[in-house]
A.B. asks: 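Provided herewith is a single structure, encoded as structure tokens, for subsequent inquiry.
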Amino acid sequence: MSELPEHIEALPPLKPVPRLLEGQAALVTGGSSGIGKAVALALGAAGADVAVNYVGRAASAEAVAGQIRSGGTRAIAVQGDVSKEEDVVRVVGEAVAAFGTIDILIANAGLQRDALVADMSLADWQKVIDVNLTGQFLCAQAAVKEFRRRGRRPQVSRALGKIICMSSVHDVIPWAGHANYAASKGGVMLMMKSLAQELAPERIRVNSICPGAIRTPINTEAWETPEAYAALKTLIPAKRIGEPDDIARVAVWLASDEADYIYGINLYVDGGMTLYPGFEGGG
Ligand code: NAI
Ligand code: BGC
């Protein structure tokens, strides 16, 4: 992520990532920036091989893969649009060709195309649904097929496979001016829970991480000026924006056998954004 602006406090460093994922292979969609990049790096640091998917920024994805390799595990950058079925099948195939299989899917790729309802083009509605919702479906479908093809490896993980959907607090918090985005994330919630119910008997664990405001390129205007950041903090009981590593550490744990009995949850990682902070002094 870009340099920390002066108006955002620096946080004390975290301890090294625990090696919870040795011998496993992961695919991270949208892994060249923001949350996906941090998750890909943390999975690598946890001992996993990582396929870093990107749609348009090859050099950034190659840099992430190179950083993972320098930590001692395998990594490749794989181009592909998650909203296109043939791309998703190819991306998963390239990861399997490189690592033998995948054990973990982080369905992270996503975007915003914001507009008030009367101004929202059908193209912008459809684009957000295609990438944020259909893209997660296509990636989950391809991952499930690979988990079944590969079969159990109890020495590597108790689960046959793990799917983590990158959802949002906006799977439950309505968001005026962002109807397409909130609809896509609300859809992810029930898609995730339905897949979790369907696949749990095979010990495929499907869960969502629901970030609050995390400092990435998707929401620069919400934190880049002191005024915007002050307004954002009124929505966050913890009174700080999240950093991509806040999500990455949770993803490592949720993908690991430390979380082996967790099926079909929405894990909010949001500094309390879902606690209705408007009621701090009212109601
Ligand atoms: P970002 O813009 O840095 O990352 C999104 C990534 O998805 C980019 O690398 C982009 O190139 C990629 N992408 C977009 N369309 C794609 C496609 N068709 N195929 C493959 N990749 C594609 O933003 P950020 O914040 O890291 O977003 C990651 C995920 O986290 C998204 O799903 C977003 O909705 C979610 N999220 C982000 C929050 C935040 O505050 N930053 C909060 C809640 C959820
Ligand atoms: C959005 C961000 C926003 C955050 C909190 C995320 O899903 O992508 O733009 O800052 O939710 O509202």
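Order of listing sets the numbers, starting from 1, for every ligand and every atom in it.
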A.B. asks: Looking at every heavy atom in both Met273 and Ile173, which two are closest together, and how far apart are they?
C.D. replies: O-CD1, 3.9 Å
A.B. asks: Tell me whether Arg57 reaches ligand 1 (any heavy atom closer than 4.0 angstrom to a ligand atom).
C.D. replies: yes
A.B. asks: By number and element, which atoms of ligand 1 are closer than 4.0 Å to a non-hydrogen atom of Ser32?
C.D. replies: 9 (O)
A.B. asks: Of the side chain and backbone of Asn219, name the one, both, or neither that has a heavy atom under 4.0 Å from an atom of ligand 1.
C.D. replies: side chain
A.B. asks: Tell me which part of Val131 gets within contact of ligand 1: side chain, backbone, both or neither, using heavy atoms under 4.0 Å.
C.D. replies: side chain
A.B. asks: Taking all heavy atoms of Lys15 and all of Arg249, pick out the closest pair and write down the distance.
C.D. replies: O-NH2, 2.7 Å
A.B. asks: Can you name the atoms of ligand 1, numbered from 1 with element, that are less than 4.0 Å from a heavy atom of Pro211?
C.D. replies: 42 (C), 43 (C), 44 (C)
A.B. asks: Step by step, would you call Glu94 with Arg90 a salt bridge (charged side-chain N to carboxylate O under 4.0 Å, His left out)?
C.D. replies: CA-CA 6 Å; Glu94 287 181 31; Arg90 178 178 47 75; 3.2 Å; yes
A.B. asks: Do NZ/NE/NH1/NH2 and the carboxylate oxygens of Lys239 and Glu280 come within less than 4.0 Å?
C.D. replies: yes
A.B. asks: Quick one: does Leu105's side chain get under 4.5 Å of Glu146's, heavy atoms only?
C.D. replies: no
A.B. asks: Answer yes or no for Gly80: is there a heavy-atom contact with ligand 1 below 4.0 Å?
C.D. replies: yes
A.B. asks: Considering residues, nucleotides and ligands other than Lys84, do more than 12 of their heavy atoms fall under 6.0 Å from its NZ?
C.D. replies: no
A.B. asks: Look only at interatomic distance and state if Gly212 has a nitrogen or oxygen under 3.5 Å from any nitrogen or oxygen of ligand 1.
C.D. replies: yes
A.B. asks: Polar contacts were defined as any N/O atom of the residue lying under 3.5 Å from an N/O atom of the ligand; does this apply to Ser168 and ligand 1?
C.D. replies: no
A.B. asks: Is there a path from Phe99 to Leu27 through hydrophobic residues (I, L, V, M, F, W, Y) whose side chains come within less than 4.5 Å of each other?
C.D. replies: yes
A.B. asks: Is there a nitrogen or oxygen of Ile214 sitting under 3.5 Å from a nitrogen or oxygen of ligand 1?
C.D. replies: yes
A.B. asks: Below 4.0 Å from ligand 1: does a non-hydrogen atom of Ser167 turn up there or not?
C.D. replies: yes
A.B. asks: Taking heavy atoms and a distance under 4.0 Å, where does Leu111 meet ligand 1: side chain, backbone, both or neither?
C.D. replies: side chain
A.B. asks: Of the backbone atoms (N, CA, C, O) and the side-chain heavy atoms from C-beta on, which set of Lys185 has a member under 4.0 Å from an atom of ligand 1: side chain, backbone, both, or neither?
C.D. replies: side chain
A.B. asks: Should the pair Lys185-Asp171 be classified as a salt bridge under the 4.0 Å nitrogen-to-oxygen rule?
C.D. replies: no
A.B. asks: Please could you name the atoms of ligand 1 that Gly34 approaches to less than 4.0 Å, counting only its heavy atoms?
C.D. replies: 3 (O), 26 (O)
A.B. asks: For residues Val252 and Ala46, report the shortest heavy-atom separation together with the two atoms involved.
C.D. replies: CG1-CB, 3.8 Å
A.B. asks: In this structure, which one of Thr101, Ile163, Asp103, Ile104 forms a side-chain contact (heavy atoms from CB on, under 4.5 Å) with Phe147?
C.D. replies: Ile163
A.B. asks: Non-hydrogen atoms of Tyr181 versus ligand 1: any pair closer than 4.0 Å?
C.D. replies: yes
A.B. asks: With a cutoff of 4.0 Å, is Thr29 in contact with ligand 1, counting heavy atoms of the residue only?
C.D. replies: no
A.B. asks: Heavy-atom contacts under 4.0 Å between Lys185 and ligand 2: side chain, backbone, both, or neither?
C.D. replies: neither
A.B. asks: Among all protein non-hydrogen atoms, which one is nearest to atom 10 (O) of ligand 2, and what is the separation to 0.1 Å?
C.D. replies: Asn219 ND2, 3.2 Å
A.B. asks: Does CD belonging to Glu85 count more than 12 external heavy atoms closer than 6.0 Å?
C.D. replies: no
A.B. asks: Is the closest heavy-atom distance from His170 to ligand 1 below 4.0 Å?
C.D. replies: no
A.B. asks: Check Ser184 against Leu133 and note the closest heavy-atom contact, atom names and distance.
C.D. replies: O-CD1, 4.0 Å
A.B. asks: Tell me the protein heavy atom at minimum distance from atom 9 (O) of ligand 1, and give that distance in Å.
C.D. replies: Ser33 OG, 2.8 Å
A.B. asks: Where on Asn53 is there a heavy atom closer than 4.0 Å to ligand 1, on the side chain, on the backbone, on both, or on neither?
C.D. replies: side chain
A.B. asks: Can you list the atoms of ligand 1 that are under 4.0 Å from a heavy atom of Pro217?
C.D. replies: 3 (O)
A.B. asks: Could you find the nearest protein heavy atom to atom 12 (O) of ligand 2 and give me its residue, atom name and distance?
C.D. replies: His170 NE2, 2.7 Å
A.B. asks: Can you name the atoms of ligand 2, numbered from 1 with element, that are less than 4.0 Å from a heavy atom of Ser168?
C.D. replies: 6 (C), 7 (O), 11 (O)
A.B. asks: Met120 and Arg113: which non-hydrogen atoms are nearest, and at how many Å?
C.D. replies: CE-O, 4.3 Å
A.B. asks: For the residue pair Ser157 / Lys162, report whether a side-chain donor-acceptor contact shorter than 3.5 Å exists.
C.D. replies: yes
A.B. asks: Could you say whether the N/O atoms of Trp175 and ligand 2 ever approach to under 3.5 Å?
C.D. replies: no
A.B. asks: Is it true that Asp130 and Ser83 share a donor-acceptor pair across their side chains at a distance under 3.5 Å?
C.D. replies: no
A.B. asks: Considering distance alone, does some N or O of Ser83 sit under 3.5 Å from an N or O of ligand 1?
C.D. replies: no
A.B. asks: Tell me the contacting part of Asp81 for ligand 1: side chain, backbone, both, or neither, using a 4.0 Å heavy-atom threshold, strictly below.
C.D. replies: both
A.B. asks: Distance alone, cut at 3.5 Å: any donor-acceptor contact between the side chains of Tyr54 and Asp81?
C.D. replies: no
A.B. asks: Going by distance only, is there an N or O of Asn108 that falls short of 3.5 Å from an N or O of ligand 1?
C.D. replies: yes
A.B. asks: Under a plain distance cut-off of 3.5 Å, with no hydrogens placed, do Asn180 and Asp124 share a side-chain donor-acceptor pair?
C.D. replies: no
A.B. asks: Among all the protein's non-hydrogen atoms, which is closest to atom 6 (C) of ligand 2, and how far away is it?
C.D. replies: Tyr181 OH, 3.5 Å
A.B. asks: What residue and heavy atom of the protein are closest to atom 2 (C) of ligand 2, and at what distance?
C.D. replies: Gln112 OE1, 3.4 Å
A.B. asks: Identify, by atom number and element, the atoms of ligand 1 in contact range of Ala213, meaning under 4.0 Å from any of its heavy atoms.
C.D. replies: 40 (O)
